[in-house]
Asks: 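Below are the structure tokens for one structure; questions will follow.
Chain A is the first sequence line, chain B the second, and so forth, proteins listed ahead of strands; every chain is numbered from 1.
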Amino acid sequence: MKSIGDKGLTGLISAGELEKMTGETVTIHGMVQRIRRLGWGAFIILRRHDGLLQCVMGNEGNEETLDKLEVEQSVEVVGTVKKAKIKDTSIHPNTVELHVDSIQFISLPAELPPVDMTKKVLDLHIDTNLDLRPLSLRHPMERARLKVAETFASAFRSSLTGMGFTEIRTPKICSVGAEGGANIFKIKYFDREAFLAQSPQFYKQMGVGVFERVFEVGPVFRAEPHQTSRHINEYTSLDFEMGFITGFEEVMSVEIAVLRDCMEALKRECSVELEMLNADLPVISETIPSVTLEEAHRITLEASGKDNTGEPDLDPKEEKILCAWSLEKWDSEFLFVTHFPTEKRPFYTMDDPENPGTTLGFDLLFRGLEVTTGGQRIHDYDVQVEKMKAFGLDPESFKSYLQAHKYGLPPHGGLAIGLERITARILGVDNIRLTTMFPRDVKRLTP
RNA sequence: GGUCCGGUAGUUCAAUCGGCUAGAGCACCGGCCUGUCACGCCGGAAGUUGCGAGUUCGAGUCUCGUCCGGACCGCCA
């Protein structure tokens, strides 16, 4: 029998701490990102939990070690922290470096990387990149994109928690889909049929009855056979739902506040990554302009001559035109579009009593792409049952969901942000697969 | 599912009208270099041009088939 305690754990030394440890001898571990050999010795760039660290080793007495040293080895280094001026801003810290006394090899790779991991930019075909994902993600720029995505998700959590929301976890194996339609993955569930969740919508609404304000960060699954740079079949949905709203604009207001918190978190925590990726954070001003779909079509027509009047939705070109207009006219990289027609929105969306045929729903466009869908939901039981019938759905099959309405719900609404999409737009990355750790699309199921 | 584009060394790309031994950068290997930072210099190895057939004196290049991939559209976040 052993007794395990928490004493004696050596914490990781952070980049920030290293910067203040000039003159001290430290033992750190990491993986070799790249080696630059010069006549007198070598610069060894180590990949650590929070960034790259430059180590310096002279030849004298170290010939054998330097001879054995290769990229991607796991090593433990003992050395002295000294001041340095490192031009490469992707190295963090770049004000100090480690003068190595000894290197211990902890683990050796079986093979060298099949691609050039040592360069500033990982110049790979997207397919090669994704096939080699366990390796390619180790490149500083690839890693930086994920770091930004995770920081965004983390900020979404803390922002909403700060506003009184409770984080919930809802099932991803479901008996019915939230949106209906054929775009849902069917799976075998023991001797029954089940589906992968295409949205946590129903459970969020049930959560409103419990906690009033809830949110979830989780995967959703879409079986649509789309083949574009902005679609994947499993993505991370940043969802929230809130009760006692007086209108759907309140949901939009909360989104503005959340986005501002997220951008501030990125500025604070990802400055190294953002600089490495040459990304410009958007400014979230006090207000974000909002237009109805009808107005949006009119603006598009005036701005570009493209006539989408009467179309029930925006198309990708129109989204770009509208964003350009919003930036030009309102100095905003964001634009809300509201009042999509009833038939284009899911059955749980509340109709606008003042504009029959349209809904109290909205999309948020950002840098030419739709990154959010949200709106006010139906809270009245009878109204919801009637709308289901109008949509040709059988309320009986939604019985368990309708318990939420049956036993009373306050007026409520919410939204969902596509994490990979908004990250891609923040970073100016064309393909959302690059802001996804292991993307799933029609053709890709591995790694 | 539709339209368009592509597949050449480990990798990213060249190769003119169908014509000489299919080239270059990086990675890799050998040598040199006392502060690099996408280090530099010298040398080396590395190819079934996705696969199969056809046309031709001759095919990476043209034709057909096939496999794989990318961009865009529909739909959506």
Asks: Under 5.5 Å between ring centres and under 30° between planes: does that hold for Tyr235(A) against the base of A77(B)?
Replies: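 Ring-base stacking flag set for Tyr235(A) and A77(B).
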Asks: Please state whether the base of G35(B) and the side chain of Glu97(A) form at least one donor-acceptor pair under 3.5 Å?
Replies: yes
Asks: What's Ser237(A) touching, base or sugar-phosphate or nothing? Going by heavy atoms closer than 4.0 Å.
Replies: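 It contacts nothing in the nucleic acid.
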Asks: Contact class for Asn59(A) (heavy atom, under 4.0 Å): base, sugar-phosphate, or nothing?
Replies: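 Result for Asn59(A) = nothing.
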Asks: Between C76(B) atom P and Ile432(A) atom CD1, what is the distance in whole Å?
Replies: 16 Å
Asks: Need one value for Ile126(A): base, sugar-phosphate or nothing, where a base atom within 4.0 Å counts as base even if backbone is also close, heavy atoms only.
Replies: sugar-phosphate
Asks: Between Phe347(A) and Phe398(A), is the ring centre distance below 6.0 Å?
Replies: yes
Asks: With salt bridge (charged side-chain N to carboxylate O under 4.0 Å, His left out) as the criterion, how do Arg133(A) and Asp131(A) come out once you've worked through the C-alpha distance, each side chain's angles and the decisive distance to 0.1 Å?
Replies: CA-CA 6 Å; Arg133(A) 211 62 174 145; Asp131(A) 279 343; over 6 Å; no
Asks: Under 4.0 angstrom, heavy atoms only, what part of the nucleic acid is Ser229(A) near: base, sugar-phosphate, or nothing?
Replies: sugar-phosphate
Asks: Is there a side-chain contact between Trp325(A) and Val291(A) (heavy atoms, below 4.5 Å)?
Replies: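 Yes, close enough: below the 4.5 Å cut-off.
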Asks: Using a heavy-atom cut-off of under 4.0 Å over every strand shown, decide if Ser90(A) touches base, sugar-phosphate, or nothing.
Replies: nothing
Asks: At under 4.0 Å between heavy atoms, what does Glu234(A) touch on the DNA or RNA strands: base, sugar-phosphate, or nothing?
Replies: nothing
Asks: Would a line drawn from the ring center of Phe248(A) to the ring center of His339(A) be shorter than 6.0 Å?
Replies: yes
Asks: Any donor-acceptor pair, under 3.5 Å, between the side chain of His226(A) and the base of C73(B), if you only look at N and O atoms?
Replies: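 Counting by modelled atom types and ignoring angles, no donor-acceptor contact under 3.5 Å is found here.
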Asks: Is Leu124(A) touching bases, backbone alone, or none of the nucleic acid, heavy atoms closer than 4.0 Å?
Replies: sugar-phosphate
Asks: For C72(B), measure the glycosidic angle (O4'-C1'-N9-C4 for a purine, O4'-C1'-N1-C2 for a pyrimidine) and name it syn if it falls within 90° of 0, otherwise anti.
Replies: anti
Asks: On the nucleotide A38(B), are OP1 or OP2 found under 4.0 Å from the side-chain N or O atoms that Lys120(A) carries?
Replies: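 Checking Lys120(A) against A38(B): at least one side-chain N or O falls below 4.0 Å of OP1 or OP2.
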Asks: Need the pair for C33(B). Rule: Watson-Crick or G-U wobble, both distances under 3.5 Å, any strand; none if unpaired.
Replies: none
Asks: Considering every strand shown, what is the Watson-Crick or G-U wobble mate of G69(B) when both distances are under 3.5 Å?
Replies: C5(B)
Asks: Could a donor-acceptor pair under 3.5 angstrom be found where the side chain of Arg37(A) meets the base of C32(B)?
Replies: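 Side chain to base: no pair present.
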